[in-house]
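Report on the structure given below.
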Amino acid sequence: MSYVLNDAADFADESADGFVAAHRDLVRRVRGGVARAAATPAGQVAVVIGGGSGHYPAFAGLVGPGLAHAAAMGNVFASPSAQQVHAVAKAVATDAGVLLTYGNYAGDALNFDQAQEQLRAEGIHCETVRVTDDIFSAGSDEREKRRGIAGDLAVFRVAGWAAEQGRSLDDVAALAARANERTRSIGVAFSGCTLPGADAPLFTVPEGQMAVGMGIHGEPGIETVPLPKASELAAMLVERLLAERPDGAADRVAVIVNGLGSVKSEELFVLYGSIAAGLEAAGLVIVDPEVGEYATSFEMAGVSLTLLWLDVELEKAWRAPAYTPAYRKGVIEVAIADATSEDAPSDDETITAATTEEAAAAGRVAASALSAIHAAIDSDVDELGRLDAVAGDGDHGIGMQRGVRAADAAAAAAVRAGAGAGTVLTRAGDAWADKAGGTSGALWGRGLRAIGERLGNAAAPDPRAVAEAIAAARDAVQAFGKAKPGDKTLVDALVPFAQTLVERVDAGVDLVTAWKDAAAAATTAARATADLLPQMGRARPHSQKSLGTPDPGAVSLALAVTAVAAALAEHDALEEKEN
Ligand SMILES: Nc1ncnc2c1ncn2[C@@H]1O[C@H](COP(=O)(O)OP(=O)(O)OP(=O)(O)O)[C@@H](O)[C@H]1O
């Protein structure tokens, strides 16, 4: 658990700020993450890494010469938002382009892909290499589905080196992909971890047991066995990895023994001694081994072993010097940056006020709906986290809270500028996606933006326009996330919500009643997701575990629309009183 904490929702940001304050000579804060203090040299590909917070030194600690140019930093265990990735990439991009490279998780893929699309649309060359080193997260016939763990370091090192050689974007991407092809990891866990501010661990491992293949967010492994001796553990790790030796691999390997958070360096060295003996007995030559913490999971007790099967070029990259806050090797010349070089660009465009009082009043109603959602999420944030912890990564409450807080603030600012509903909602959607990150953050951002774009700012929308805007949000969310009803996602609540709203409005019912009925349908549907098996997102591999528990995203959506029903009713009652 975390002993040093202010507000859990601010933990990731405060930690990033402190990190930058401690390493001002090497890194600067940019919107969405951190970048090298020095600008990317002209003509050099920028390597942008990233992922959720809670895995230090992944990812910010790996920014610097010989490694990444910048890291997009999401909230605790949540991917950065597309806006974050985009902003971070823009801060370091040159004409040579940007390589996005990160561990393969659903939320990260969704958000990094969206950022890539946007960067390309702006004329910035951009390629992606997802790290898929965790051999227990999917079979060898589905390697593209595997997750990324400590093998991140191997791939990032190779990408960073290739970029600094002045290679083209295609070459940097090809070499990073080759490194990923030849990187394999296996992890074991002895205990779980507790997210900052949570009152219970996100996951646990029974006392005296070891979970083989457990992921860094508690994703279940392949088996739980009694805790072995270090030498037996080393033998098991070596044996499993050697069984996946890539075709045509030579005998030289880079080795990473990674501690997950609370395994001491001395323990890691005990393990490494046996691992090295095992690898050498198998005829391998170990090149520049790394023993320490490279991808952690708060106080999780666990270790992983990574092998990067080297060829001549990969070995050059692996042995090259590097100098980052958390990873230093060889000798490298680093220009000490000006301690004041901050770079936090503001993207505040001017808000245009609505043209009529009626339209501005609709903007205020939209903002009050967001305030109502904010209050509802605030009061259920722990419960949403608990639901998500059953089969996901426990961050759904925090993620929703960060998103809705930002959305509420953006909506209030738009209202102060006299904006109509369209502007209020698109601004709120962008702020939500930006601050929440994660899968649901991106989806809520898309959904709110779709509503805002559909409603526009022209006049007070009638019930039919509202129902059509909600249907547009449903379509946008489904088009983006690709989930269908029955996949156990928020779509299971959104679809009946939109459908009931359209039907009730078509039947001539007033908006407040129609919305209330639609919210009731969403609530029933969200509860019914308890009987479903998840098909999308982080919860997918936990299918069976989540039976009996409703989908957190569906529950939060139902909560949100129910809160809006109450706000609309209150607004109507007030208006009647005034008239
Ligand atoms: N493809 C999808 N389409 C629609 N909803 C989805 C999809 N994937 C996940 N979700 C919803 O997102 C919810 C989880 O949101 P959350 O923000 O906690 O993301 P996550 O899966 O933990 O990923 P990450 O932590 O990387 O962002 C799920 O309960 C589900 O309702």
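Counting starts at 1 for both ligands and their atoms, following the listed order. Remember, it's a predicted structure, so these values are computed and weren't measured experimentally.
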With respect to [atom], which of [options] exhibits the smallest heavy-atom separation?
atom                    : options                       : result
atom 28 (C) of ligand 1 : Asp551, Thr489, Thr529        : Asp551
atom 9 (C) of ligand 1  : Thr439, Asn111, Leu490        : Thr439
atom 1 (N) of ligand 1  : Ala526, Gly553, Gly481        : Gly481
atom 17 (O) of ligand 1 : Gly438, Gly52, Ser440, Ala483 : Ser440
atom 5 (N) of ligand 1  : Asp487, Asn75, Asp492, Leu443 : Leu443

Rounded to the nearest 0.5 Å, what separation is found between the [atom1] atom of [X] and the [atom2] atom of [Y]?
X      : Y      : atom1 : atom2 : result
Glu468 : Asp475 : CD    : CG    : 11.5 Å
Gln478 : Arg446 : CD    : CZ    : 14.0 Å
His374 : Gln401 : NE2   : CD    : 6.5 Å

### Message
So if I count the atoms of ligand 1 from 1 in the order they appear, which ones are less than 4.0 Å from some heavy atom of Asp388?
### Response
18 (O)
### Task
Quick one: look at Asp393 and ligand 1, take heavy-atom pairs under 4.0 Å, and tell me if it's side chain, backbone, both or neither.
side chain
### Within reach of ligand 1, part of Val477 (heavy-atom separation under 4.0 Å)
neither
Please confirm whether [X] comes under 4.0 Å of ligand 1, counting heavy atoms of the residue only.
X      : answer
Tyr105 : no
Pro552 : yes
Gly399 : no

### Query
Taking NZ, NE, NH1 and NH2 as the nitrogens, is one of them in Asp7 or Arg405 under 4.0 Å from a carboxylate oxygen of the other?
yes
### Aromatic plane relationship, Phe19 with His23 - under 30° parallel, 30 to 60° tilted, over 60° perpendicular
tilted
#### Entry: Aromatic plane relationship, His55 with Phe77 - under 30° parallel, 30 to 60° tilted, over 60° perpendicular
parallel
### Message
Whether the side chain of Asp380 engages the backbone of Ser556 through a donor-acceptor N/O pair (distance < 3.5 Å, no angle test) should be reported.
### Response
no
### Asn180 side chain vs Arg130 backbone, donor-acceptor pair below 3.5 Å
yes
### Query
ligand 1 and Asp395, any nitrogen or oxygen pair closer than 3.5 angstrom?
yes
